[in-house]
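Each remark here refers to the structure printed beneath this line.
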Amino acid sequence: MLHVLFVCLGNICRSPMAEGIFSHLTVERGVQSIIVADSAGTSGFHAGELPDPRAMETTVTHGIELTHLSRKLDFDDFLKFDYILSMDSANLDIILAMQKRSGHNRAKVLMMRSFDPEADDDMDVPDPYYGGINGFDEVYQMLMRSNEKFLEFLQQRHL
Ligand code: 4NP
């Protein structure tokens, strides 16, 4: 079994969307019992909350329902997960610093958009929290492109 974790700042916008999209793709490809996803935030600002209503509205339009409750990334995650994907470079720095302190080196930590065929120099999934609904649509498209490639990568490498 492979375990993958998506991480952003608040765990109510980008990373629960990434988790929902990725899990949807694993079901479509029949690998949901082999590759399992979760998400977390580098902050605990919204711990226990459902995703932002705009994130839920955006994914539901594409047939994907989000039920994840926000939680903060913790040291055990570096032991449990095979891959940890960061939504942006600011959170990548925090994740890598936490991994060092955790003393666990199982998890491979990567940028989500390193799998986006349309990514240019800017590898961040932009934080849509302070913007309008259009920002969520843009994030959805980026996450779908990235996760299709990420899942292909996992299937080729591990299955
Ligand atoms: P996320 O978006 O990191 O994609 O979940 C944010 C959600 C909440 C906050 C910042 C970003 N906040 O500051 O509360």
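Both counts, for ligands and for their atoms, begin at 1 and track the order of listing.
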Taking N or O atoms only and a 3.5 Å limit, does L9 qualify as a polar contact for ligand 1?
yes
Nearest protein heavy atom to atom 1 (P) of ligand 1, by residue and atom, and its distance?
C8 SG, 3.5 Å
Side-chain heavy atoms of F136 within contact of M17, under 4.5 Å:
yes
Under a 4.0 Å N-O cut-off, is there an ion pair linking D82 with R106?
yes
Y129, F136, F45: member with heavy atom nearest to atom 9 (C) of ligand 1
Y129
Between the CE atom in M123 and the CE atom in M142, the distance rounded to the nearest 0.5 Å is 11.5 Å
Donor-acceptor check, side chain of R54 to backbone of G131, threshold 3.5 angstrom: yes or no?
yes
Mode of N11 contact toward ligand 1 - side chain, backbone, both, neither (heavy atoms, under 4.0 Å):
backbone
Taking 4.0 Å as the limit for heavy-atom contacts, which would you say applies to H46 with ligand 1: side chain only, backbone only, both, or neither?
side chain
Under 4.0 Å, heavy atoms only, figure out whether ligand 1 is touched by the backbone of Y130, its side chain, both or neither.
side chain
Plane angle bin for F115 and F150 - parallel if under 30°, tilted between 30 and 60°, otherwise perpendicular:
tilted
Element-labelled atoms of ligand 1 that are located less than 4.0 Å from some non-hydrogen atom of I12:
5 (O), 7 (C), 8 (C)
Side chain to side chain donor-acceptor pair (under 3.5 Å) partner of D77, chosen from H3, R71, H104
R71
For R14, the atoms of ligand 1 under 4.0 Å from one of its heavy atoms are 1 (P), 3 (O), 4 (O)
Where ligand 1 meets D127 - atom numbers and elements under 4.0 angstrom, heavy-atom basis
2 (O), 6 (C), 10 (C), 11 (C)
More than 12 heavy atoms of other residues, nucleotides or ligands under 6.0 Å from NZ of K100: is that the case?
no
Taking only non-hydrogen atoms of G10 and a 4.0 Å limit, the atoms of ligand 1 in range are 1 (P), 3 (O), 5 (O)
